[in-house]
Amino acid sequence: MDQSLLSTVEHAFDFAQQQVRALTERDPNFYPLYTDQGRWRHEKPAWTHWCDGFLPGMMWIFHEETGDPQWRVSAEKYSGALEIRKDDREVHDLGFIFYHGTYKRWYEATLRAGSPDHSLKDVVIHAGRTLALRFHERAGCMRSFHGADSNFIDIMMNVGIIFYAALETGDSSLLQLAHRHCATTRRTLVRGDGSTSHEGIFDLETGEFLRQTTQQGFRGDSCWSRGLAWSLYGFGTCYGLTREPKYLETAELNAEYWLDHAPEDGVVPWDFDAPEDGPLSRAQVDTSASAIAAVGLLNLAELTASEERRKACRDCALKTIGSLAANYLGDSVDGWEGILRGGVYHIHKDLGVNESVMWGEFFFVEALQRALRILRNTV
Ligand code: GLY
């Protein structure tokens, strides 16, 4: 066991709990999105309203790891307030909110306690059905929040909730719809070298795929780091749910690109093709992308057949988690309210650049949880 990595990770996990506790005491019932100069409360816009599940999601993880009943009380309160979002037709992010963050974790907590509350699972299924309403028959995919003709690679992190709903209810047309979304995304947004495009645009009359483009990446033909991380984690999750071999192949291809292009410490530039200099310089990292990819790589290490790939994924993930915990914690800056510094939300709109971002906090905490279990040999 790597004792020094374990203490670094333990310190980060304790610090994460302190920061979340401080946030909820300072600003009860507030679901922030990103910091501005290290502060969660500010007047800058949300762009889209997709992150509310991540704060309760961290509380569920803290409860899972520590058993502290107070975390469960908070997690239930912050999750329950979001139930209304199960009918939200404005966002493509219901998987983030209900599958990764809130009700699926809540349901699993009741399962572990031996008294499954199926009404919690019903909320997840309901949200999955709502998300599926975004499907466009001719394009063969769900539309992003950005437009009827637009698909985002980010949706790969959300389509899992549709598979879950379909599998739990035996709904074969829902299952088919989710498979079609994945097939279209794989065909149009994942490139031969394993890199990804952020966004695809379709002709809705004919269903023809028109072009790759981006909202948050450097260019339409670049590889936005977080998009690649969403794809790697998302296709891996879909393989775990369905055992469709193509999804495993895709996650493996994404991982190959990641492993070939990530720097030694695992903390990636905000876009793999960003220029050396200027306002969009690759010197700006995106720690949230690294945290997401770390969990995606740990998942893949459990799914992939090749021993060599398993080791490469696990080594890169643990190295990355160690670097984030050692060099990017908020405790190195006085008064910083987030857990993880160095995230990027939307560089072109100057929203949350080099800040803490709520999904970065959540996936970092998930990565810490996974690392703790590996390093303590409790998996
Ligand atoms: N899903 C939105 C983002 O990654 O910023």
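We count ligands from 1, going down the list as the structure has it; atoms in each ligand are counted the same way. The residues of the chain are indexed from 1 along the displayed sequence.
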Just heavy atoms, cut-off under 4.0 Å: does [X] contact ligand 1 by side chain, backbone, both, or neither?
X: R226; answer: side chain
X: W224; answer: side chain
X: F152; answer: neither

**Asked** Based purely on interatomic distance, does W230 place a nitrogen or oxygen under 3.5 Å from a nitrogen or oxygen of ligand 1?
**Response** yes
**Prompt:** For the ring pair W224 and F152, is the centre-to-centre distance below 6.0 Å?
**Reply:** no
For ligand 1, which atoms have a heavy atom of [X] less than 4.0 angstrom away?
X: Y345; value: 5 (O)
X: Q216; value: 3 (C), 5 (O)
X: D154; value: 1 (N), 2 (C), 3 (C), 4 (O)

**Request:** State whether the side chain of S231 and the backbone N or O of G227 hold a donor-acceptor pair below 3.5 Å, judged by distance alone.
**Result:** no
**Prompt:** Any Lys/Arg nitrogen of E64 or R105 sitting under 4.0 Å from an Asp/Glu carboxylate oxygen of the other?
**Reply:**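 A salt bridge is present here (some side-chain N lies under 4.0 Å from a carboxylate O).
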**Prompt:** Is E366 salt-bridged to R370, going by a charged N under 4.0 Å from an acidic O?
**Reply:**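 No.
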**Prompt:** Hey, are the side chains of W258 and F272 touching, using non-hydrogen atoms and a 4.5 Å cut-off?
**Reply:**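 Yes; the side chains approach each other to less than 4.5 Å.
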**Request:** Measure from NZ or CZ of R180 to the centre of the six-membered ring of F135 and say whether it is under 6.0 Å with the direction within 45° of the ring axis.
**Result:** no
